[in-house]
Amino acid sequence: MSLTQESELLRLRKEKLNYWKSQAIDPFGGPYPDTQPIEAIITTFVENVSVRIAGRILSIRDMGKSFFAHLQDQSAKMQIYANPQSVGQEAFNQLKHLDIGDIIGVEGECFLTKTKEKTVRVKSWQLLSKSLRPLPSKWHGLHDVEARYRQRYLDLIMNPEVKKVFFNRSQIIKEIRHFLHQKGFIEVETPMMQTLAGGAAANPFKTFHEALGIPLYLRIAPELYLKRLLVGGFEKVFELNRNFRNEGISRKHNPEFTMLEAYCAYGDYRSMAKLLEELIVHVAQCVFGTLQFPVSKHLAENKMVDLTPPWPQKPFREVLSEAIGKDWFALDEAEKRKVAMEFEIEAKEEFTESDIARHLFEKLVEARTIGPLFVTELPADLVPLAKQNKLKPEFVDVFELIVNGQELAPGYSELNDPIVQRERLEKQVGEEKQKIDEEFLLALEYGMPPAGGIGMGIDRLTMLLTGQESIRDVILFPLLRPKEEK
RNA sequence: GGGCAGAUAGCUCAACGGUAGAGCAGGUGCCUUUUAAGCACUUGGUUCAGGGUUCGAAUCCCUGUCUGCCCA
């Protein structure tokens, strides 16, 4: 990071700008239209066919009167070759002033070298953008994790497998939208800046609107607005966009993350479980052509998640009982705290029995389940926005989809009774420091159709389907602390 | 928030108390099907920052910064 060294390398490259100018060539020229993707040229390769490509020079092998380089575009990379006969003496001499990292356009004919590498014989070429900085080592690439996140563009240039993950992410999102549109859902956009941050239990980011002079929160969930739309008469809505939670950062958590929420009037958690299963299977098949995905190495070595439907469903009571070896809900409080001790779960004084159950569940069930598994009928006080079970009022009609040791998606029979909803929210407000969204309750009082809802973390889904162990590897620009200025 | 690990040339890494090195990238030559091209010569460092110990510190100690992993 020495400034003197940096300026030495920079200085030499900047000198080359003068060279190009002396040759009457704009070092930041263009445009260069009508190019073909390199991948297409390679897959349908025909010798002696003329092609036109553009991309970044990744390597150069200058052999005097023979010049080889690799050019990388969005799709792939391909070798180019030039000699004085192919491009003419003047253009050839100029070509040899190119640096690794420069972006050029090339026209020429396809041929195979002695070693059968598919190559373009350059007939004409054009400098499109001069690179003033050296690329990372062509052989070792860029491995420094911090540099990969901070300078993601270098990561994308040097590491094709990283580029692939983000291609896949784009396809995953496209197929989710495609699937939901086909099912008759409409995509909506609701406020990301909210006067109250509701719809989940999480700490929001706070900001301020100058003109109105009011505090605003970045949303922690779109739920309460999407439900207003159900009241308004939209029957199938979804939103696929960013949520923000002002909490810790980890392998599984980024402060901003992408969430799908979908609501279907006249449905319930069972119909939504079916929809979700269908959706994920659709995405996996369309994008990856398989239903087998590697399990996180943190959970198990060399195992696969099998997404072949139907996926099993088990009540919370049952999975928790299996995990602790006795029926949790038959225990009194002292016994419950004893169980917590036994499994080394923190059981602070202020923790309710439900809190302890939640922690036990997360540690003993969620974190150990490969899945996919729908855990159904959660304790009511864990889920304030869901409908109570008719036969067992201490449980709610919900599921949590667990895959790969993580909660991937919850689904509810949405609570549409405004009076019960108020009671539940008031109880929650008592426990945490939140205000009640009166506007939401007002909407419910006009009547919300019974509905099923789901939420799915897109980052986690992408992690599963692309085999990434860290959420930072499926988010292009994960949040990092800024580097101190020197 | 706590524990562990890391930060050395543009990149990837050595050196572990005694003159900071290598490969690639860069520079100057030679070379008309190379491919981690090759050959010769060559430039490049506030060893993350600041203190301390020592005759002497990249190396040992302390503080801080940033990153990764684990735990809460």
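Letters A, B, ... are given to chains in the order of the sequence lines, protein chains preceding strands, and every chain is numbered from 1.
- For Arg472(A) and C69(B), the shortest distance from a side-chain N or O to OP1 or OP2 is below 4.0 Å.
- Rounded to an integer number of Å, the gap from Lys118(A) NZ to U34(B) P is 18 Å.
- You won't find any donor-acceptor pair under 3.5 Å spanning the side chain of Ser66(A) and the base of U33(B), going by distance alone.
- C41(B) and C62(B) have their P atoms separated by 46 Å, with the value rounded to a whole Å.
- Side-chain atoms of Ser354(A) and Asp381(A) form a donor-acceptor pair, as typed in the model, at a separation below 3.5 Å.
- Between Gln89(A) and Asn93(A), the side chains place a donor N or O and an acceptor N or O closer than 3.5 Å (distance only, hydrogens not considered).
- G10(B) atom P lies 17 Å from atom CD1 of Ile100(A), rounded to whole Å.
- Pair assignment for U63(B) gives A49(B), based on Watson-Crick or G-U wobble hydrogen-bonding distances that are each under 3.5 Å.
- At the phosphate of G38(B), neither OP1 nor OP2 sits under 4.0 Å from any side-chain N or O atom of Arg61(A).
- Counted by atom type alone, Ser296(A) and Glu469(A) present one or more donor-acceptor pairs between their side chains at under 3.5 Å.
- A heavy-atom distance below 4.5 Å is found between the side chains of Leu132(A) and Lys130(A).
- When the C1' atom is used for both A20(B) and U46(B), the distance is 13 Å, rounded to whole Å.
- Side chains of His70(A) and Glu117(A): a donor-acceptor N/O pair is present below 3.5 angstrom, by distance only.
- In the set A25(B), U34(B), U32(B), the nucleotide with an atom closest to the side chain of Thr119(A) is U34(B).
- Taking 3.5 Å as the limit, the base of U34(B) and the side chain of Gln79(A) contain a donor-acceptor pair of atoms between them.
- Here U34(B) is the nucleotide among G10(B), G26(B), U34(B) with the atom lying nearest to any side-chain atom of Met63(A).
- Looking at Arg150(A), its side chain has no donor and acceptor atom pair within 3.5 Å of the base of U67(B).
- Counting non-hydrogen atoms under 4.0 angstrom, Phe111(A) reaches a base of the nucleic acid.
- Of all nucleotides listed (U12(B), C31(B), C11(B)), C11(B) comes nearest to the side chain of Ser137(A).
- Between the C1' atoms of G29(B) and G68(B), the separation comes to 45 Å (whole Å).
- Residue Leu142(A) contributes atom CG, which lies 10 Å from atom P of C13(B) at whole-angstrom precision.
- Taking atom P in both U43(B) and C4(B), the straight-line distance is 43 Å, to the nearest Å.
- One atom, NZ of Lys96(A), and another, C1' of C30(B), lie 10 Å apart when rounded to the nearest Å.
- Between His140(A) and the phosphate of A36(B), there is no side-chain N or O to OP1/OP2 separation shorter than 4.0 Å.
- Within the 4.0 angstrom heavy-atom criterion, no nucleotide atom of any strand lies near Gly248(A).
- Computed from coordinates, the Ile80(A) CD1 to U34(B) P distance equals 17 Å when rounded to whole Å.
- Side-chain contact of Gln79(A) with Arg61(A): a donor-acceptor pair under 3.5 Å is present, judged by distance alone.
- One C1' atom belongs to A14(B), the other to U65(B), and the distance between them is 25 Å to the nearest Å.
- Contact check, Lys16(A) against G27(B): a side-chain N or O comes under 4.0 Å of OP1 or OP2.
- Across C31(B), U32(B), C70(B), the shortest atom-to-atom separation from the side chain of Asp62(A) is found for C31(B).
- In this structure, the CD1 atom of Ile471(A) is 16 Å from the C1' atom of C69(B), given to the nearest Å.
- Between Trp20(A) and His97(A), the ring planes lie perpendicular to each other; the angle is over 60°, past the 30° to 60° tilted range.
- Nucleotide C16(B) forms no Watson-Crick or G-U wobble pair with any nucleotide shown, as no partner meets the under 3.5 Å limit on both distances.
- Distance check on atom P: C60(B) versus C24(B) gives 30 Å, rounded to whole Å.
- Spacing between atom CD of Glu247(A) and atom P of G1(B) amounts to 14 Å, rounded to whole angstrom units.
- OP1 or OP2 of C66(B) sits under 4.0 Å from a side-chain N or O of Arg481(A).
- Side chain of Phe68(A), nearest nucleotide from U12(B), U33(B), G27(B): U33(B).
- In the set C69(B), U33(B), G10(B), the nucleotide with an atom closest to the side chain of Arg251(A) is C69(B).
- Relative to the ring axis of Phe257(A), Arg460(A) does not place its NZ or CZ within 45° and under 6.0 Å from the centre.
- The side chain of Glu146(A) approaches U67(B) more closely than any other nucleotide in the set G10(B), G26(B), U67(B).
- For His143(A), taking side-chain heavy atoms from C-beta onward, the closest of the listed nucleotides U33(B), C11(B), C13(B) is C13(B).
- Backbone-only contact: Leu480(A) has heavy atoms under 4.0 Å from sugar-phosphate atoms and none from a base.
- Using atom C1' as the reference point in both U12(B) and A25(B), the two lie 11 Å apart (nearest Å).
- Summarising the base pairing, A36(B) is matched to no nucleotide, lacking a Watson-Crick or G-U wobble pair whose two defining distances lie under 3.5 Å.
- Comparing the C1' positions of C13(B) and G17(B) gives an interatomic distance of 22 Å, to the nearest angstrom.
- For Lys114(A), whose side chain is taken as the heavy atoms from C-beta onward, the closest listed nucleotide among U34(B), U67(B), C69(B) is U34(B).
- For His70(A) and A25(B), the NE2 to C1' distance is 17 Å, given to the nearest whole Å.
- Residue contacts for His359(A): at a heavy-atom cut-off of 4.0 Å it reaches no nucleic acid atom on any strand shown.
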